[in-house]
Amino acid sequence: MSKTKAAPNHFIKAIAGNDVRNGQYPEIYTRFPPEPNGYLHLGHAKSICLNFGLAKDLGGHCNLRFDDTNPEKESTEFMESIRASVEWLGFEWDRLCYASDYYEHLYGFALELIDKGLAYVDDLNAEQMREYRGTLTEKGKNSPNRDRPIAQNRDLFERMKAGEFKEGDYTLRAKIDMESPNFVMRDPILYRIRFAHHYRAGDKWCIYPMYDFTHCISDALEGITHSLCTLEFQDNRELYNWVLANITIEQTITGEKGKTLPRQIEFGRSNLEYAMASKRKLIQLVNEGHVSGWNDPRMTTLVGLKRRGYTPKSIRDYCAEIGVTKKDSTIDMAILENAIRHDLEATAKRVFGVTDPLKVVITNYPEGQTEGFEVANHPKDESLGKRTLNFGKEVYIEQDDFMLDPPADYFRLGPGREVRLRYGYAITCNEFVTDDAGKVVELHCTYDPLSARGKTADGRKIKGIIHWVNADEAVGAEVRVYDRLFTDPNPAAAEDFTALINPESLTVYPNAKLEPSVLSASAQDRFQFERVGYFCFDEEDSEMESGKLVMNRTVSLRDTWGKQNR
RNA sequence: UGGGGUGUAGCCAAGUGGCCUAAGGCACCAGAUUUUGAUUCUGGCAUUCGAAGGUUCGAAUCCUUCCACCCCAGCCA
């Protein structure tokens, strides 16, 4: 198995490398900080590869930390799925952390800010708060509660924690600057009251810390050196630094004292064309039944890509390929497809599979005769071994490989035309049988007994080569072929993105015929159906034991002929 | 409109004053090899770096102005 592409150099690696070299930090410590409120998708993969990859490249460490401070949206299900996806991608965290484990610390730091006169309890309601905050052009106004005495703030905050007030009655705010041009600094809320059950903390708390207060402190507690996040948090960096500068945080939970405070660096998001990265909209796709679930193979969630047959390596390579910059980007689908094709080309066993079968009777082949052709499982990798393909009087070929009235540059089968059955004999089509609707349902062909092993007795060249499956031992399967989920490259921009769902994103071939060797494969095996594409067993619907095979097409083979005829 | 960002080929992306008439990947085009119209291989693919001025012997890289796009007015993260 080839190694994952080395992550190219990017500006964050340059900064971090420098910080280590000049002794600013003894070693790099990063973290991947998802909120357990949904499933991970390709966008998260970029962040995972960045954070874990940076630590690995520079000899540091990386934590997986759940940023779980909003009990109403978070769940154990999401948390566990995220954990599994990070592992599946192939990364190992140094420590598994939860912001919810820091609630007690956080509360203590809030008290410290109150005691320093840097935080106050406010009773403005949400609407009033918005009015006081100002607008893009108007500065904000100080809350009437801004100069509440410290002792009273402390009393009120303790009572908030004790559950004496209703949700929305009070908040704890930092006392910074209502006239700041940066909204984030206009006395941001630090704590709000929520009588909600937390999936980990249970009912212990009824006040929950906000992101801006929690994240920087969590980073500092864990000894994070480089806190990497996406561009939209650039404004929040000022608050991140303000909080850390105004609390006494000299000891990390790893026990090392006096560490330099973490530094936040932002990078641009990458969106895939024809896909959806917004968690909210992903949830909508699932809840409204537009897809079968979070792991629908058309979804660009990590569980969806996994079920589709993408390998962890291909996702890592994709992330290395798209790079890390300060610019939001829209990635061409072809880059993702290239990554998985590249991996599977090298590793997938070759097999014959006919998705849409057309029966062929070899009229001059002796009744009851069979013969075996020993073939390689991979054209370039002998270690993948060999297998025997049995040939007989009746075979299935692909409907696409026969045309009633083929153009000159179509070098497959047509009336009177000759083609080679790959690894087997050359056959010529003499007759075709149609059903009542005029559809071709069977071909009568003759074979050339002297055409085995790629040769012909008279030296004639046969350009067309097609795959086939012996009808006697063909294994039935359901083959699912996927296309992009949306018809528009940027569905997120539409008012109603559900109107842009591609009606042809899933095509089912219920009567596919596969060569019998797939029955002895293991559930995780991936195949190349020669001339068709890369396939895997569907992890939900395939039942290997009972022989019920459901195959997902991960990606097609590159098809220059099909493309020019599109 | 205040603040914070970004602009290099169809899509990513190197490059931080001279070896840039701009690396690499994807896509695309042409050719070779091929018992997968696959793979592989070879060649092609920006005289130009959002625009206009300026500094300099010399600029994608420095300065000025302008333009375009993204983010911020949740008791979400």
Side-chain angles (χ1 to χ4, degrees), chain A residues 5 8-10 33-35 37 67-70 72-74 122 124-126 129-131 133-140 167-173 180-186 188-194 207-208 210-212 214-215 229-238 266 268-270 273 279-280 320-339 341-342 345-346 350 352 375 379-380 409-412 420-424 426 453-455 462-467 489 528-533 556-565:
Chain A
K5 229 170 261 182
N9 288 327
H10 49 72
E35 183 188 13
N37 67 346
D67 217 343
D68 51 0
T69 55
N70 186 357
E72 288 159 328
K73 291 187 176 170
E74 297 154 6
D122 203 349
L124 252 33
N125 63 34
M129 191 93 65
R130 199 179 316 122
E131 285 163 9
R133 192 152 34 224
T135 66
L136 291 180
T137 47
E138 301 158 34
K139 293 171 174 173
E167 287 187 8
D169 280 358
Y170 290 98
T171 56
L172 180 73
R173 303 178 69 181
S180 170
N182 182 357
F183 280 101
V184 173
M185 300 299 276
R186 318 245 262 225
I189 293 174
L190 267 22
Y191 271 88
R192 76 288 210 186
I193 299 172
R194 282 288 175 280
I207 56 172
Y208 289 92
M210 300 288 286
Y211 164 83
D212 284 306
T214 309
H215 203 89
C229 61
T230 42
L231 253 28
E232 71 270 24
F233 290 101
Q234 285 175 118
D235 290 341
N236 300 251
R237 187 175 64 230
E238 193 178 355
E266 311 84 13
R269 300 182 111 116
S270 290
E273 278 186 344
K279 262 191 208 169
R280 214 200 91 244
E321 201 56 60
I322 63 176
V324 179
T325 65
K326 291 197 72 154
K327 190 176 96 180
D328 286 326
S329 55
T330 306
I331 309 298
D332 194 325
M333 270 276 198
I335 294 184
L336 216 213
E337 293 186 343
N338 176 260
R341 281 198 187 107
H342 189 79
E345 153 63 26
R350 268 56 172 178
F352 280 170
V375 305
K380 291 174 183 167
D409 64 350
Y410 177 88
F411 37 84
R412 278 113 91 160
R420 175 175 293 284
L421 294 178
R422 174 156 225 242
Y423 298 127
R453 277 176 293 283
K455 308 235 184 337
I462 298 168
K463 179 84 171 158
I465 296 156
I466 64 174
H467 57 99
Q528 182 198 95
F529 288 0
E530 292 207 38
R531 302 206 314 126
V532 180
S556 69
L557 248 35
R558 197 175 267 116
D559 180 8
T560 48
W561 192 82
K563 194 172 289 171
Q564 96 187 23
N565 287 279

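Keep in mind it's a predicted model, so treat the numbers as computed, not measured. Computed from heavy atoms alone, side chains included, the values below leave out hydrogens, waters and symmetry copies.
- Considering CG of Leu421(A) and NE2 of His467(A), their distance stands at 10.5 Å, rounded to 0.5 Å.
- A 6.0 Å sphere centred on CZ of Arg194(A) holds more than 12 heavy atoms belonging to other residues, nucleotides or ligands.
- You'll find a donor-acceptor pair under 3.5 Å spanning the side chain of Arg412(A) and the base of rG37(B), going by distance alone.
- Using a distance-only test at 3.5 Å, with no hydrogens or angles considered, no donor-acceptor pair links the side chain of Arg133(A) to the main chain of Pro188(A).
- Nucleotides rG10(B) and rA23(B) place their P atoms 15 Å apart, quoted to the nearest Å.
- The nearest pair of heavy atoms linking Thr135(A) to Arg186(A) is O-NH2, 3.1 Å.
- When base pairs are accepted only as Watson-Crick or G-U wobble with both N-N or N-O distances under 3.5 Å, RNA chain B takes part in stems of 3 or more pairs at B:2-7 with B:67-72, B:10-12 with B:24-26, B:28-32 with B:40-44, B:50-54 with B:62-66.
- Contact check, Lys563(A) against rC28(B): a side-chain N or O comes under 4.0 Å of OP1 or OP2.
- Between Lys326(A) atom NZ and rA14(B) atom P there is a gap of 13 Å when expressed in whole angstrom units.
- Computed from coordinates, the Glu321(A) CD to rA14(B) P distance equals 12 Å when rounded to whole Å.
- Using atom C1' as the reference point in both rC71(B) and rU47(B), the two lie 36 Å apart (nearest Å).
- Panel note: side chain Glu74(A), backbone Asn70(A); a donor-acceptor pair is recorded below 3.5 Å.
- Syn is the conformation of rG74(B), whose glycosidic angle sits no further than 90° from 0.
- Not one N or O on the side chain of Thr230(A) forms a donor-acceptor pair closer than 3.5 Å with the backbone of Glu232(A).
- Using atom P as the reference point in both rC28(B) and rG4(B), the two lie 42 Å apart (nearest Å).
- A donor and an acceptor atom sit less than 3.5 Å apart, one in the side chain of Lys380(A) and one in the base of rU39(B).
- Taking atom P on both nucleotides, rG15(B) is separated from rA52(B) by 25 Å, rounded to a whole Å.
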Check: Using a cut-off of 4.0 Å between protein heavy atoms and nucleotide atoms, how would you tag nucleotides 69-77 of chain B 5' to 3' with B, S and -?
Finding: -SSBBSBSB
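- Not one side-chain nitrogen or oxygen of Thr330(A) sits closer than 4.0 Å to the OP1 or OP2 atom of rC11(B).
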Pairs: protein N or O with nucleotides 34-36 of chain B N or O, under 3.5 Å:
residue: rU35(B); atom: O2'; partner: Arg422(A); partner atom: NE; Å: 3.1
residue: rU35(B); atom: O2'; partner: Arg422(A); partner atom: NH2; Å: 2.6
residue: rU35(B); atom: O2; partner: Tyr423(A); partner atom: N; Å: 2.8
residue: rU35(B); atom: N3; partner: Tyr423(A); partner atom: N; Å: 3.4
residue: rU35(B); atom: O4; partner: Arg453(A); partner atom: N; Å: 3.1
residue: rU35(B); atom: O4; partner: Arg453(A); partner atom: O; Å: 3.3
residue: rU35(B); atom: O4; partner: Gly454(A); partner atom: N; Å: 2.2
residue: rU36(B); atom: O4'; partner: Arg422(A); partner atom: NE; Å: 3.4
residue: rU36(B); atom: O2; partner: Gln528(A); partner atom: OE1; Å: 2.9
residue: rU36(B); atom: O2; partner: Arg531(A); partner atom: N; Å: 2.9
residue: rU36(B); atom: N3; partner: Gln528(A); partner atom: OE1; Å: 2.6
residue: rU36(B); atom: O4; partner: Arg350(A); partner atom: NE; Å: 2.7
residue: rU36(B); atom: O4; partner: Arg350(A); partner atom: NH2; Å: 3.1

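- At a threshold of 4.0 angstrom between heavy atoms, the contacts of Phe352(A) with the nucleic acid are absent.
- To the nearest 0.5 Å, atom CG of residue Asp328(A) and atom NZ of residue Lys326(A) are 11.0 Å apart.
- Rounding to whole angstrom units, CD1 of residue Ile335(A) and P of rA27(B) are separated by 8 Å.
- For the atom pair Arg531(A) CZ and Asp559(A) CG, the distance stands at 9.5 Å (nearest 0.5 Å).
- When atom types are taken as modelled, the side chain of Glu345(A) and the backbone of His342(A) share no donor-acceptor pair closer than 3.5 angstrom.
- Judged by distance alone, with hydrogens and angles left aside, the side-chain atoms of Asn37(A) form no donor-acceptor pair with the main-chain N or O of Lys73(A) at under 3.5 Å.
- Residues passing the side chain to side chain contact (heavy atoms under 4.5 Å, CB included) test with Ile189(A) are Met129(A), Thr171(A), Arg173(A), Met210(A), sequence neighbours excluded.
- The shortest distance between the side-chain N/O atoms of Thr560(A) and the OP1/OP2 oxygens of rA38(B) is below 4.0 Å.
- Rounded to the nearest 0.5 Å, atoms CE (Met185(A)) and CG (Asp212(A)) are 9.5 Å apart.
- Spacing between atom CD1 of Ile322(A) and atom C1' of rA13(B) amounts to 11 Å, rounded to whole angstrom units.
- The salt bridge (charged side-chain N to carboxylate O under 4.0 Å, His left out) test applied to Arg130(A) returns no partner, not counting sequence neighbours.
- Nucleotides rG18(B) and rA13(B), compared at atom C1', are 23 Å apart to the nearest Å.
- Ser329(A) places no side-chain N or O within 3.5 Å of a backbone atom of Ile331(A) that could act as its donor or acceptor partner.
- Residue contacts shown for Ser180(A) are absent, as no nucleic acid heavy atom lies under 4.0 Å away.
- What separates NE2 of His10(A) from C1' of rA13(B) is a distance of 13 Å, to the nearest Å.
- Note that CD of Glu238(A) and CZ of Phe233(A) are 16.0 Å apart. Values are rounded to the nearest 0.5 Å.
- Rounded to a whole angstrom, the distance from the C1' atom of rU8(B) to that of rU1(B) is 31 Å.
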Give me the distances for all protein-to-nucleotides 7-10 of chain B N/O pairs that come in under 3.5 Å?
residue: rU8(B); atom: OP2; partner: Lys327(A); partner atom: NZ; Å: 2.8

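- Nearer to the 5' terminus of RNA chain B, by closest-nucleotide assignment, is the contact made by Val324(A) (compared with the other of Val324(A) and Phe411(A)).
- In this entry the distance linking CZ of Arg269(A) with C1' of rC12(B) reads 18 Å, nearest Å.
- Taking the P atoms as reference points, rU6(B) lies 14 Å from rC63(B), given to the whole Å.
- Between rG58(B) and rC69(B), the distance separating the two C1' atoms is 32 Å to the nearest Å.
- By the 4.0 Å N-to-carboxylate-O rule, Arg237(A) lies close enough to Glu266(A) to be salt-bridged with it.
- Minimum atom distance to the side chain of Ala334(A) is reached by rA27(B), of the listed rA27(B), rG5(B), rG37(B).
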